[in-house]
Every structure is written in C-alpha cells, then in structure tokens.
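Note on naming: letters A, B, ... go to the chains in the order of the sequence lines (proteins, then strands), and numbering restarts at 1 for each one.
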Amino acid sequence: MSSSAKAEAALALHRFGMGPRPGSIAAIEADPRGALIAELERPSASQLAASALPSSSKAFRTVNEANAKRQAKTIIAAKAQQEAKRQQMSEAPSMMEGSEQDANAMAAKIAAEAVPDPGRQIYLDEARIRTEAALGTEIGFVERLVWFWSNHFCISADKIQSMSGAYEREAIRPHVVGRFADMLLAVEGHPAMLFYLDNLNSIGPNSIAGINRTRGLNENIAREILELHTLGVRSGYTQDDVIDLAKVLTGWTLLPPANNPEHGGEFTFNPRLHEPGAQKVIGKVYEDETVEQGRAVLRDLAAHPATATHLATKLARYFIADTPPPALVERMAKVFVDTSGDLKEIAKAMVSSDESWTQPPTKLKRPSEWVVGMVRAAGVTQADPARFTAGQALLGEPLWRPSSPKGYPDDEASWIDGMGRRLDVANNFAERLSGRIDPQDVIENVLGSSVSPEVKQAVGLAESRQQALVLLFMSTEMQRR
Amino acid sequence: MNMTFGHHLPSRREALLGSGALFAWSQMPRLARAAGRDPRMLVIVLRGALDGLGAVAPVGDPDWIGLRGDRALVLDGKTPALPLDAFFALNPAMPNLHRLYKAQQACIVHATATPYRERSHFDGQDVLESGIARPGAVDTGWLNRALLALASDGQVDLRGSRALGVGAVTPLVVRGRAPVMSWVPQQLLPASADTQARLLDLYQHTDPRLAVALEARIRLAALGPAGGIDGSKSDSTLVPAAGIARVRTGRD
C-alpha cells in the first residue's frame, strides 16, 4: 500500500475518529472514506451495551430516594445530638461547648455516611461505558458524532448528575445517524434537559397553576433552543419569539419522584401548567394547545434554513478546521435542507468532500479527544473511570460538566494554553505504561507514516521509555488533526 | 453573593477556577510603581448573573419596599442589610465587601451596563470581555489589547510583564496578541525539566504555536516556590498563592 494511502487512513482516524490504535491504519488503508461511511451504516453503531445501567428516571428516583433517606437520618441524628447535649448540660454545665451549628454539621455528617450519594457511582459507571466505547471502537466516527451532539445539547452533571450519562444514551445516541428533528424532540422533552434549563419551574401565567400561584414563566429553555440548539444567535428571532416559545413549552415537566416509585422522573405533559391559547413563533401561529403545540414548533425549528447553516458550520468546525471552508459548510447545509435534516447524509457529505481531506491537519484536538487518542495509541482498551474523569477535569473538560449551556468551546484559542497540563497528563500516563509499551512499536504499528522525522528522532534520542512516550504523545501528530 | 450552581455548591476557590475567570495582570505601569502603589491589577469576571438590587439596595428610597415587595432588602429585617451610606445598603451575605467599603478600599459602580441590550447571556458576556459593543466582532479581549497599548507607549516594564489567566480554558478577556499564561493548580507531578526542554525543542522545529504555549508554561512553573511546583499535591491552595505573588512583584 502506498504511503499516501496510509497517510489518508491516519488522517481519517485522527480527523473523523478517535485516533489510531494498533492495526487500525492497516485495516482501513484500502478505502478510508469507505470505512468511515461503512461505520455510519452499521446498525446500532451508536448504541452501548448498557443494559446494566439504570434509565434516567430510575437513576433520578434512586438519588431522590437516597436524599430523602439522608434527610430523615439527619433529623434523627440531630435529635440524638440535642438529647446528648441536654444530658451533658445537666450533668456538667461547665462542659457545655459547641453551638447548635456544630451539632447540625455533625448530624449531616452522620447521615451522609449512613446514606452515601448513589449519583456519583452512577456517573462513574456511565463514564466507564462511554470511555470504553471510545477506546474499543475501530475508527470511532460515530462516537465522535455522539461527543459532538452531546456537547451541542449539553446538560451539566453539576446540576443533574444522576441523569447525565443516561441522558446521552437516551436522547443523543439513538439519533446521531438519524434525523435532527427526532434528536431535537428527544432532547427538549428529556427530563434531564427540562431539569437543567429550569423548565420545571416554568408556569404559564394564565394557566390554572399560574393563576393560583405567583410563579411565572421561565424563558431559559426557550432562549437556549433558539440561540444554541437550533437557529443560532443573531439569526433574526426576537424576544417575543423567546417568550412565546417559553409559553408553548409550559407544562413540559417530569413526574415528581416522591410518590411514584414506578414512573417518577419520567417526562410528562401537565396541562395545568400550560399557557392556554395560540402562540406565534418566527412568524407562524401554533393553535394546538397540547404537547403537540411544542412538538410542532420544534419540528419547524429543526427544518429552518438558519438551523441548517448553524449546525453545518458547527459540525465542520468540530471535524475539519476552526475556520471551515465555506464551500464545505454550504454543501453540508444544503444536504441538511434537502434531506430534512438526515444526519447520516450530512456526515456522508462531509467525508465525501475533498475539502475535508485537503485541509492541513492543524486543528487542535480538544483535551478529551487527545486523551482518548493517547490511550488508544497505547493499545489500552479499559478505563478506570475515576482516574479518567479526574484527568479530563484537570485538562479543563470535565465529562458532562461544561460551565454553561453553550458547552465546551471548539477552537484553538480556548485550549492551547493548556498544553502544560497535557504534558503532565502524558507524563503520568507514560510513567504507568513505560514498562509495558515500546515507543518504537507505537510508531511502527500504530501511528505509522504519519509520524514526522523530527518526532522519530526525538523519540530515538530520548533517555528513557517514559520520556520517549511523552514526546510521542505530545507530538503535533497526536495533538492536531 | 449567590454563587449557587444547581445542587452543587462549590467552594469559592472552585467557583473562581471553574466557572468564573480570574486574571492577575502584572504589567507594571512605571508611574504607578514610582508613586509607590501596588502594581497588581486583578480582574475577576463572574459568570452567571447577579441581581444588582439584591446586592446593593436603595433602602433610602421611599418607594423601595412598595416596588420590590416581600424580597426587598431592609435595614431592620430578620437579616438586616448592611448600610453603605444614607441611601444604599449591602446584602448581609457580603460582609467583607462591606468592611472594605467602609475602609474606603472598595467602590461600587451601581446600575451600570454595557451597551448590549439583547437577551443572550453569551453575547452579553462576549461584549463585556471583548470591550466591543457588537458581539462576536473580535477574537481579542480588552485586557489583552490594553496590555499591547500600554507596552507600545512604554508605560509598562516589559521585563517580567505578563498577563496570567487562571482556569483551564483561556477566557476572551485576556485573549489576543500579548502573551498570556493560563494557570490551574498543579495536581500531577510535572514532567522533568529535561523532558520539557526536549519537547520545547521538538515544538520549535515542528509547531511554533505549541512552542509558545509550552514556553509560557515553563516560565510560569519557574515562578513557583523552590524553582518548581513539585510536591504541591499535598497543599494545592498555598502553592498558587506563592506563585501568583511572585508574578505580581517580579522581584525575584
């Protein structure tokens, strides 16, 4: 096989996949573009074998149940503390020390030890299965799409840890090679998103509940749908569109977990919270007053040309370049419109375009992509989720925890100052590996001809295996694509 | 100050590192130094939102309670607001700011906004940090551009001058042509000086932009105590303070 075929295979793995692993360049060098498309066509390529993991509503109920138990334990422990204090006071009043606050803190500590938070373990279990999917996949094009859409429609585990992994499995994965409209409906109707963007607190001012209570409309989810999820900021919608979309979505909530051990935490439409009457969004009037009103608006937003351009730009920036070629973006946007948002066809259009291959490999990988690429290059397929997520946090990209609904940025300027921390992580990983992995093997069997003579020389001259691995993992070839 | 993020209550330090951004700007205006003033400039951008009237309340306005309703801060409530002057009072959750204000070391610029009038949180933040009225107009921050302007006027001592961003993602306000170092607490044992030097050499031959980024980090690490920030695992809160203090003075 010619060296240019190998180079294209390596580029396919870095640019569209999770990075080369042992043997993967050889496996696809005959037809790299075909291999990418074949991965898109493989049935249920985006699904995880996650039958052991709880659904989002189950995870939510489990955490809710633990919180309730912990609260009860706290009250019991606080009473016991007070009783002990009274006893102490009557026996030796001068010994009386510490405040009520100390007693409460002690009670909370006792309760926290008695009923630990199950959310953390659920998060780690989800992190493991997700990470191992990225490590174990042959190319990883579909996993990259999952990562892209999960970040596009991000939620934060800082707000809703229990559901953070299940959300991705339930709302994102089934649709990454399906239709955008279906993903949008799944996302905006998912309990995790409704919780994250405060729609549980949004009440139609003229709904039954709105008249009886003082709380009102919360615009958060409506604003982010228009600004981040579909049309894009400054695309022409107005504040009135935001308000009316917020009204349309009143009543989209979840079943309270407390009294519903079977279905608590699942999506429900509550007509009592829903703003009555027709609403107007982007110039169109929506009469229906049920959950279908919101679904109709979302379908129209999904089909809007501004959405096509917004998403094509973002996808091309994620895969190809910080400033993607305009012709490529136009072509992808056109496919989006022509196919009514068929995400598989858009992905195919991207890998079938010559611009996607002629663009120089200068795009800086995001920290998590680089880490996964490094671990894959070492031939490691299993992950300790606690260690892995700690590494991602150190690099500024903690899993499912972006600091805002905008998700993690995707440009070099945001990340390049973190090279020092990447070096620390590479150093740490290489230290744990260096007994087992030969840097020359990684060059020959994993990265192949994509490694420059300068890197080969630096690796050859390194004073230890660890140092050689660090230089290799930190090389431009591993950092950029 | 309400810095609650959902159910997660970060420490102030985590909040600064995670969702806010903190910048120490150690350019040293010569005039300031000549006058014996502290040359540090510290800019903290708090992400999210703060209700200005919930922080600094016009308690002296006769219409205040009537317009604000039950949630109005008052001087004689259950948790009384802290009087600033005859008209304004501070939220009782901000006793340190109150103390500084009373010592004439703090100033509150109330009811002030950028020209941005739309409702996008992110565009609003972009305007605040870029210093340009139109969102998305530039990729640089006002702090970085100010640094360049000062440097070209000869007003700053370029030896040892640096902008320092704290946090793993470089925020817009410090982005630009002037070199920026970003910093987060050291948590892993760093690569050896030899490995760093070899990598820097490799980057200088293959990837100049990565070389610049790595070089900044090596310089920053050299500011830590005892010539490095090794061993900070056990005490990650003290090391940064020392490192930043040296950035400040540039005297070592």
Side-chain angles (χ1 to χ4, degrees), chain A residues 156-161 196 219 223 227-228 233-234 239 242 362 364 367 390-391 393-398 401 403-406 408-409 411-421 423-428 430-431 452 454-455 457-458 461-463 466-467 470-471 474-477 479-480, chain B residues 5-8 10 17-20 47-48 118-123 125-126 134-136 139-140 165 167-172 174-176 180-192 194-196 198-199 201-203 205-207 209-218 220-221:
Chain A
S156 174
D158 283 340
K159 191 158 173 176
I160 178 82
Q161 177 169 261
Y196 175 57
E219 298 168 12
R223 186 179 314 284
E227 175 173 340
L228 301 174
V233 74
R234 284 169 266 138
Q239 174 61 16
V242 173
T362 51
L364 190 66
L394 181 70
L395 294 167
E397 200 186 5
R401 287 193 155 89
S403 59
S404 83
K406 203 172 180 179
Y408 289 113
D411 58 331
E412 175 169 322
S414 297
W415 298 111
I416 193 165
D417 289 324
M419 294 314 293
R421 287 180 294 282
L423 175 56
D424 294 341
V425 169
N427 189 53
N428 184 275
E431 187 180 11
S452 70
E454 290 89 345
V455 172
Q457 188 186 25
L461 294 174
E463 64 174 18
Q466 182 186 345
Q467 188 178 65
V470 171
L471 294 171
M474 290 301 293
S475 66
T476 305
E477 290 85 335
Q479 299 292 349
R480 298 188 186 273
Chain B
F5 302 95
H7 293 166
H8 173 72
L17 291 175
S19 73
R47 310 270 192 234
E118 301 303 313
R119 304 287 285 273
S120 160
H121 174 78
F122 305 105
D123 271 358
Q125 203 165 273
D126 192 84
R134 193 160 56 85
D139 288 331
T140 60
V169 177
T170 309
L172 180 62
V174 289
R175 285 197 208 164
V180 180
M181 287 189 277
S182 86
W183 178 90
V184 292
Q186 187 78 33
Q187 288 178 31
L188 296 172
L189 202 62
S192 71
D194 179 53
T195 301
Q196 294 187 23
R198 286 171 190 245
L199 183 60
D201 183 61
L202 179 62
Y203 283 167
H205 287 93
T206 56
D207 197 323
R209 290 211 300 275
L210 292 186
V212 169
L214 184 65
E215 208 170 3
R217 131 73 181 242
I218 292 171
L220 183 60

Side chain, backbone, both or neither of [X] within contact of chain B (heavy atoms, under 4.5 Å):
{"X": "A:Q161", "value": "neither"}
{"X": "A:E454", "value": "both"}
{"X": "A:V242", "value": "neither"}

Not counting sequence neighbours, which residues clear side-chain contact (heavy atoms from CB on, under 4.5 Å) with B:D201? List them please.
B:Q204, B:H205
Could you grab the distance from atom [atom1] of [X] to atom [atom2] of [Y], nearest 0.5 Å is fine?
{"X": "B:R175", "Y": "A:S414", "atom1": "CZ", "atom2": "OG", "result": "3.5 Å"}
{"X": "A:L423", "Y": "B:L214", "atom1": "CG", "atom2": "CG", "result": "6.5 Å"}
{"X": "B:S192", "Y": "A:E463", "atom1": "OG", "atom2": "CD", "result": "6.5 Å"}

So A:L364 and B:L210, side-chain contact (heavy atoms from CB on, under 4.5 Å) or not? Walk me through it.
CA-CA 10 Å; A:L364 190 66; B:L210 292 186; 4.2 Å; yes
Can you find a heavy atom in the side chain of [X] that is under 4.5 Å from one in the side chain of [Y]?
{"X": "A:P405", "Y": "B:H121", "value": "no"}
{"X": "A:S475", "Y": "B:Y203", "value": "no"}
{"X": "B:E118", "Y": "A:R234", "value": "no"}

Heavy atoms only: give me the nearest [X]-[Y] pair and the separation to one decimal.
{"X": "B:R209", "Y": "A:I416", "answer": "O-CD1, 3.7 Å"}
{"X": "A:A458", "Y": "B:L202", "answer": "CB-CD1, 4.2 Å"}
{"X": "B:T206", "Y": "A:S452", "answer": "CG2-OG, 4.4 Å"}
{"X": "B:T195", "Y": "A:L471", "answer": "O-CD2, 4.2 Å"}
{"X": "A:A462", "Y": "B:R198", "answer": "CA-NH1, 3.5 Å"}

Neighbour count >12 (heavy atoms, 6.0 Å) for atom CG, B:D139:
no
Exceeds 12 heavy-atom contacts within 6.0 angstrom, atom CD of A:Q457
no
Contacts of type salt bridge (Lys or Arg N to Asp or Glu O under 4.0 Å), residue A:R480, not counting sequence neighbours:
A:E412, B:D207
Looking only at heavy atoms and a cut-off of under 4.5 Å, which of B:L172, B:V212, B:L199 has the most pairs with chain A?
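When all of B:L172, B:V212, B:L199 are compared, B:L199 has the most.
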If you count heavy-atom pairs under 4.5 Å with chain B, which of A:T362, A:L228, A:I160 comes out on top?
A:L228
So which of A:V233, A:N427, A:V425 has the largest heavy-atom pair count under 4.5 angstrom toward chain B?
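Heavy-atom pairs under 4.5 Å are most numerous for A:N427.
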Step by step, would you call B:R217 with A:M419 a side-chain contact (heavy atoms from CB on, under 4.5 Å)?
CA-CA 8 Å; B:R217 131 73 181 242; A:M419 294 314 293; over 6 Å; no
